[in-house]
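Below: the structure, in structure tokens.
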Amino acid sequence: VVQLPNNPSSPTELHRVCLPPKRSTLQKLKHRVADIFFPDNPFHKFNNQTWLKKLILTLEFLFPVFQWGPTYSLKLFRADLISGLTIASLAIPQGISYAKLANLPPIIGLYSSFVPPLIYSILGSSKHLAVGPVSIASLVMGTMLSEVISPTEEPILYLKLAFTSTFFSGVFQAALGFLRLGFVIDFLSKATLIGFMAGAAVIVSLQQLKGLLGMVHFTNQMQIIPVLSSVLKYKNESAKRPKLFWLSAAAPLTSVILSTIIVFAIKPKPQRIPIIGYLPKGLNPPSANMLYFSGAYLGLAIKTGIVSGILALTEGIAVGRTFATLNNYQVDGNKEMMAIGLMNMAGSCSSCYVTTGSFSRSAVNYNAGAKTAISNVVMASAVLITLLFLMPLFHYTPTVILAAIIITAVIGLIDYQAAIHLWKVDKLDFLACVCSFFGVLFVSVPLGLAIAVGISVFKILLHVTRPNTNVLGNIPGTQTYQSLGRYREAMRIPSFLILAIESPIYFANSTYLQERILRWVREEEERLKANNDSIMKCVILDMSAVTAIDTSGIELLGELRKMLERMSLQLVLANPAGNVMEKLHLSKVIESFGSQGLYLTVGEAIADISSSWKAQP
């Protein structure tokens, strides 16, 4: 026979379940809004400060450069100079290559490596984020625009739409940061991003076969089947593959320099080794007059901007937070959104396309010893010198090297070890990863992204609508109650069924919870009957994990109490949270439970109810 746990508290020493302090509706709303939009309370520094100090704090809040600028030293600049020149050696060839990936003129990639880093160095809060074009955003923009507009047949219109998409991407990003809606990008879970980036990396690599094999005709589609079909169909067009491809293993800039020197020396026919050709010298020309704010393709520009903007934000903030964690400082996500958004808005007016923080360049920046965002200024200065004086040197750069640079850059996005880890830890996350991967591979990049978001939302809905419920038992010698399925030593309490609900009770899960609780009751009665044990008299709901409840949830508890009462069973609530208790009190439902229907802990409920049964004749 299982004995009741020893309870040091007698029934007269029961603790009362208290209501939270009374607050007006306006106070509750204010508190809730503050929790939702300002969880980090960014304005706490302004408390009890003079107006001059508040002005300084405001400048530091809006422009993080004022936080570290006054203490900047020559020693820090020396470290930033080395790291800035190092990432410039990577940014210049990658900028040219990624512009090609977006079906844009190569010079646009260099323009995009000049203006945005300067703006980010003033507005950004990360010390190590290296800003510029990135492969995934370039791929998405190139794919979405080229599906409707041909970059070769209508290059001016395509360029206008690219700049307009960048503008709307910046507006969307800055708005998310200003309105503190950063949780929107959290719908792209890490699992779906792993699959999405791996699928995109495969597609990008296959698309570069055109440059590697020297093909003239090649599909513009981004699915794996059309790409492989093009390779097989036009394989006779392949030129002799130059061995320059393998130079990319050394370093992108070294590959570009050596391949350019070799091609310049041998000057082959264009059809043998395709080259970049003429690149104009000079600073970024203004492009505000090219923004496309009316016409048939405005919707396409907005859609492309939002999709590429979400991906750019996700990558930029994730990279910034990664290196901030390694160096024990914090990156303000909302501030980063505004910084990335404003630099893209400014970039769209200065012949740049969508940019963000690059993982590969940021890793190089970190390893090279960057100390502040000045490394971005140094990189931009190196790009400026290139734009003003060195552009003719890239005339003979072979496109095969650009294809190789893209492949070596994106191949690292295929993180198979992370996929294996997902399989071991969470099968649902692994499913999301796989669906995202194959969605990009066989459907399209935008739809693959939509599938990734859809799976993330489905996972959230699954957890909300189908919450966990567990039967609890007592750990012998303690007042602790834990899951019987998890703890073998946990023991059932005779005549009691103790259930734990591990989620808020909403309209979306109230019906499920009612059915699941009644099923637990039925299964427990069948178990007792089969074992000839004592009959069940009471069902206790441990509501410790129920953080919120709505009117449907309140109605569920009332209906459940009536249904169990008709089955000669008593329903008891244990440890409801403050706001749950408040709503139960306001709805008057709690009154129907009586004096033995509400307790602070499961242990007190069992002790009090058991003693009342013993007292009965």
Just so I know, are the side chains of [X] and [Y] near enough to count as touching, which here means a heavy-atom distance under 4.5 Å?
X: Tyr292; Y: Leu157; answer: yes
X: Thr166; Y: Met141; answer: yes
X: Lys281; Y: Pro392; answer: yes
X: Lys459; Y: Asp429; answer: yes
X: Arg23; Y: His31; answer: yes
X: Ser348; Y: Leu291; answer: yes
X: Lys335; Y: Pro64; answer: yes

For [Y], does its backbone N or O pair with a side-chain atom of [X] as donor and acceptor, under 3.5 Å?
X: Asn327; Y: Phe323; answer: yes
X: Asn376; Y: Val131; answer: yes
X: Ser375; Y: Lys371; answer: no
X: Glu336; Y: Gly320; answer: no
X: Asn365; Y: Arg361; answer: no
X: Asp426; Y: Leu422; answer: no
X: Asn284; Y: Ser350; answer: yes
X: Thr355; Y: Gly132; answer: no

What class does the angle between the rings of Phe168 and Phe293 fall in, given that below 30° is parallel, 30 to 60° is tilted and above 60° is perpendicular?
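Geometry flag for Phe293 against Phe168: perpendicular rings.
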Measure up the Tyr72 and Phe77 rings against each other and bin them: parallel (under 30°), tilted (30 to 60°), perpendicular (over 60°).
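Ring orientation of Tyr72 relative to Phe77: perpendicular.
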With sequence neighbours left out, write down each residue that passes salt bridge (Lys or Arg N to Asp or Glu O under 4.0 Å) with Lys127, or none if nothing qualifies.
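Counting only residues at least two positions away or on another chain, Lys127 forms no salt bridge (Lys or Arg N to Asp or Glu O under 4.0 Å).
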By salt bridge (Lys or Arg N to Asp or Glu O under 4.0 Å) - contacts of Lys28 (at least two apart):
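Scan of Lys28 (salt bridge (Lys or Arg N to Asp or Glu O under 4.0 Å), adjacent residues dropped) gives Glu582.
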When rounded to the nearest 0.5 angstrom, what is the spacing between CD1 in Ile87 and OG in Ser362?
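The OG atom of Ser362 is 7.5 Å from CD1 of Ile87, to the nearest 0.5 Å.
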With rounding to the nearest 0.5 Å, note down the distance linking CE in Met345 to CD1 in Ile340.
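One gets 14.0 Å once the value is rounded to the nearest 0.5 Å.
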Results of ring-ring contact (aromatic ring centres under 6.0 Å, His included) for Phe172 - residues two or more places apart only
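ring-ring contact (aromatic ring centres under 6.0 Å, His included) check on Phe172 returns nothing, list empty.
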Validation row, ring centre Phe66 to ring centre Phe61 under 6.0 Å
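Ring centres of Phe61 and Phe66 not closer than 6.0 Å.
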Gln330: partners by side chain to side chain donor-acceptor pair (under 3.5 Å), with sequence neighbours left out
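With neighbours one apart ignored, the set is empty.
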Nearest heavy-atom pair of Gly142 and Tyr158: which atoms, and what distance?
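Minimum heavy-atom contact is CA-OH, 3.4 Å.
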Within a radius of less than 6.0 Å around CZ of Phe458, do more than 12 heavy atoms belonging to other residues, nucleotides or ligands occur?
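Atom CZ in Phe458 is not packed in, count stays at 12 or less.
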Tell me which donor-acceptor pairs under 3.5 Å the side chains of residues 300-313 have, and how far apart each pair is, sequence neighbours excluded?
from: Thr304; atom 1: OG1; to: Leu300; atom 2: O; distance (Å): 2.8
from: Ser308; atom 1: OG; to: Thr304; atom 2: O; distance (Å): 2.7
from: Ser308; atom 1: OG; to: Gly305; atom 2: O; distance (Å): 3.3

In chain order, what residues pass the side-chain contact (heavy atoms from CB on, under 4.5 Å) check against Trp423, with sequence neighbours excluded?
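Per chain and number, Trp423 pairs via side-chain contact (heavy atoms from CB on, under 4.5 Å) with Lys427, Phe430.
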side-chain contact (heavy atoms from CB on, under 4.5 Å) with Ile374: which of Asp80, Leu81, Leu76?
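Filter result, single survivor: Asp80.
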